[in-house]
*Asks:* 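Here it is: the structure, laid out below.
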Amino acid sequence: MNILNKQKILKDLPKERVNLDIYNTIDSTNEECKRIELKKDFHIIISEHQTRGRGRLGKTWSSPSSGNIYMSIYSKETMNIAPLSLIVGLICANVINSMIKTKEVGLKWPNDIILAKKKIGGILIEKEVMGTNINNIVGIGINLNQPEKEEWWGDLSSFKVSSMRNELINGILKSYIHFCDNGIESWEKKWHELCVHMNLNIKIRHNEKIIETGIFDGINADGSLKLKLSNNKIINYEHGEISIEGIY
């Protein structure tokens, strides 16, 4: 197993701006961010296991296996207006693809990382109001090797990236800090290029019920999806879940 290594994770990062805590077991890396004081620009929490890992909409994020990535990035609200969950998904997919030298890893709106039509990762964004300040908590879970999986889960085990876990985390952190400082040019175009369901029929779900169907027509600058109805009318959805035939 590739042990989490603080020196490798922080390589070439601005250490005067970053704090890093590594745990063997924790309830939730996002919850730990809520318990600590942000003393530098970024505080990173990483754990081998989570006992109460969470995904969007209150769902559980299974975190029993060591060797995966369970981490949170705690920072002040960025001045960039780009939607954070989509940006972080884009960052993670790009870093993974660069590492495995492929473009097989894609994105499903709004926050899922996909490989071979299976979910291999997810993003959970939470915001903390601290007086007049707003802080971002960016939770990232990526399955490098998940022995016990639901039928819709996948992992990166076929690419043998477990030995490069520290380098993968380092790449994500570098890209995230660069985004916070500089933004990402043409991010919508880049997100569309990695989207696994462009121009496909999708179902919009809310509270486990299908409320609309249509063709996924891309995203807007605020991260909302564009749905093309049967009469060619375009409507926007800011929140919710989508399901696509053949993609978990």
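Since this is a predicted model, take the numbers as computed values, not measurements.
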*Asks:* Out of curiosity, I235 CD1 to L225 CG, how far, rounded to the nearest 0.5 Å?
*Replies:* 8.5 Å
*Asks:* Quick one: does K118's side chain get under 4.5 Å of N143's, heavy atoms only?
*Replies:* no
*Asks:* Judged by atom type as modelled, is there a donor-acceptor pair below 3.5 Å linking the side chain of N166 to the main-chain atoms of K8?
*Replies:* no
*Asks:* Taking all non-hydrogen atoms of both residues into account, name the closest pair between C33 and Y74 and its distance.
*Replies:* O-CE2, 3.3 Å
*Asks:* If you define the side chain from C-beta out and look only at heavy atoms, does anything of M71 sit under 4.5 Å from L173?
*Replies:* yes
*Asks:* Under a 3.5 Å distance rule, please check whether H192 uses its side chain to pair with a backbone N or O of E188 as donor and acceptor.
*Replies:* yes
*Asks:* For atom NZ of K15, decide whether the heavy atoms of other residues, nucleotides or ligands shown that lie under 6.0 angstrom number more than 12.
*Replies:* yes
*Asks:* Is the backbone N or O of G218 less than 3.5 Å from a side-chain atom of W191, with the two atoms forming a donor-acceptor pair by type?
*Replies:* no
*Asks:* What are the two closest heavy atoms between E167 and S163, and how far apart are they?
*Replies:* OE1-O, 3.9 Å
*Asks:* Can you list every pair that meets salt bridge (Lys or Arg N to Asp or Glu O under 4.0 Å) and has a residue in residues 66-95, with sequence neighbours left out?
*Replies:* E77-K127
*Asks:* May I ask you to test the V18-K40 pair for a side-chain heavy-atom distance under 4.5 Å?
*Replies:* no
*Asks:* Is the count of non-hydrogen atoms from other residues, nucleotides or ligands lying under 6.0 Å from Q7 atom CD greater than 12?
*Replies:* no
*Asks:* So if you build clusters from Ile, Leu, Val, Met, Phe, Trp, Tyr with side-chain heavy-atom gaps below 4.5 Å, do I96 and F159 land together?
*Replies:* yes
*Asks:* Can you tell if the side chain of T213 reaches within under 4.5 Å of the side chain of N201, non-hydrogen atoms only?
*Replies:* no
*Asks:* Tell me whether L10 shares a hydrophobic cluster with F42, the cluster being built from Ile, Leu, Val, Met, Phe, Trp, Tyr side chains joined at under 4.5 Å.
*Replies:* yes
*Asks:* Please answer: with hydrophobic residues joined when any side-chain heavy atoms are less than 4.5 Å apart, are I244 and I211 in the same cluster?
*Replies:* yes
*Asks:* Is the shortest heavy-atom distance from the side chain of N97 to the side chain of L194 under 4.5 Å?
*Replies:* yes
*Asks:* Any side-chain heavy atom of P110 within less than 4.5 Å of one from L86?
*Replies:* yes
*Asks:* Show, in sequence, the C-alpha distance, side-chain angles and deciding distance for I87 and Y176, and conclude whether the side chain to side chain contact (heavy atoms under 4.5 Å, CB included) test is met.
*Replies:* CA-CA 9 Å; I87 290 293; Y176 183 76; 5.9 Å; no
*Asks:* Taking atom CD1 of I210 and atom CD of E208, what is their separation to the nearest 0.5 Å?
*Replies:* 10.5 Å
*Asks:* Identify the two heavy atoms, one from N170 and one from K11, that lie closest to each other, and give their separation to 0.1 Å.
*Replies:* ND2-O, 2.8 Å
*Asks:* Distance-only, no hydrogens or angles: does the N111 side chain make a donor-acceptor pair with backbone N or O of I123 under 3.5 Å?
*Replies:* yes
*Asks:* Answer yes if the side chains of S72 and N30 hold a donor-acceptor pair under 3.5 Å, and no otherwise.
*Replies:* yes
*Asks:* Over all heavy atoms of both residues, which pair between V196 and L200 is shortest? Give the atoms and the distance, please.
*Replies:* O-CD1, 3.7 Å
*Asks:* With rounding to the nearest 0.5 Å, note down the distance linking CG in N24 to CD1 in I22.
*Replies:* 11.0 Å
*Asks:* Okay, side chain of N231, backbone of K233: is any donor-acceptor separation there less than 3.5 Å?
*Replies:* yes
*Asks:* Are I172 and M164 linked, directly or through other ILVMFWY residues, by side chains that come within less than 4.5 angstrom of each other?
*Replies:* yes
*Asks:* Within the distance-only criterion (no hydrogens, no angle test), does the side chain of R165 pair as donor or acceptor with the backbone N or O of N68 below 3.5 angstrom?
*Replies:* yes
*Asks:* If I take atom CG from residue L124 and atom OG from residue S28, how far apart are they, to the nearest 0.5 angstrom?
*Replies:* 8.0 Å
*Asks:* Who are the side-chain hydrogen bond (donor to acceptor under 3.5 Å, both in side chains) partners of E193, not counting sequence neighbours?
*Replies:* K189
*Asks:* Do you know the tightest heavy-atom contact between K226 and I219?
*Replies:* CE-O, 3.7 Å
*Asks:* Do I134 and L84 sit in the same hydrophobic cluster, where Ile, Leu, Val, Met, Phe, Trp and Tyr count as joined when their side-chain heavy atoms come under 4.5 Å apart?
*Replies:* no
*Asks:* Testing the basics here: between N145 and S162, what is the closest heavy-atom pair and its distance to 0.1 Å?
*Replies:* CB-OG, 4.0 Å
*Asks:* Out of curiosity, I36 CD1 to H43 NE2, how far, rounded to the nearest 0.5 Å?
*Replies:* 4.0 Å
*Asks:* Are L13 and L20 close enough, and set up right, to give a side chain to side chain contact (heavy atoms under 4.5 Å, CB included), and what steps lead you there?
*Replies:* CA-CA 11 Å; L13 292 180; L20 169 63; over 6 Å; no
*Asks:* Sub-3.5 Å donor-acceptor pair from the side chain of E126 to the main-chain atoms of V138, do we have one?
*Replies:* no
*Asks:* Listed by chain and number, what are the side-chain hydrogen bond (donor to acceptor under 3.5 Å, both in side chains) partners of N220, not counting sequence neighbours?
*Replies:* S224, N236
*Asks:* Under a 4.5 Å cut-off applied to non-hydrogen side-chain atoms, are R35 and E31 in contact?
*Replies:* yes
*Asks:* Above 12 or not: heavy atoms from other molecules or residues under 6.0 Å from NZ of K203?
*Replies:* no
*Asks:* Can a donor-acceptor pair be found, under 3.5 Å and without considering hydrogens, that links the side chain of K108 to the backbone of K117?
*Replies:* no
*Asks:* Where do I242 and Y237 land on the side chain to side chain contact (heavy atoms under 4.5 Å, CB included) test, with the steps shown first?
*Replies:* CA-CA 10 Å; I242 66 172; Y237 277 92; over 6 Å; no
*Asks:* Return yes when atom NZ of K228 has more than 12 non-hydrogen atoms of other residues, nucleotides or ligands closer than 6.0 Å, and no otherwise.
*Replies:* no
*Asks:* Within this structure, what is the CD1-CD1 distance for the pair I73 and I140, rounded to the nearest 0.5 Å?
*Replies:* 4.0 Å
*Asks:* Is there a side-chain contact between I234 and L227, using heavy atoms and a 4.5 Å cut-off?
*Replies:* no
*Asks:* Would I9 and I44 satisfy side chain to side chain contact (heavy atoms under 4.5 Å, CB included), going step by step from the backbone distance to the final call?
*Replies:* CA-CA 10 Å; I9 290 170; I44 318 302; 5.8 Å; no
*Asks:* Examine distances only and state if a side-chain atom of Q50 and a backbone atom of T29 form a donor-acceptor pair shorter than 3.5 Å.
*Replies:* yes
*Asks:* Without swapping roles, check the side chain of S98 against the backbone of N94 for a donor-acceptor pair under 3.5 Å.
*Replies:* no
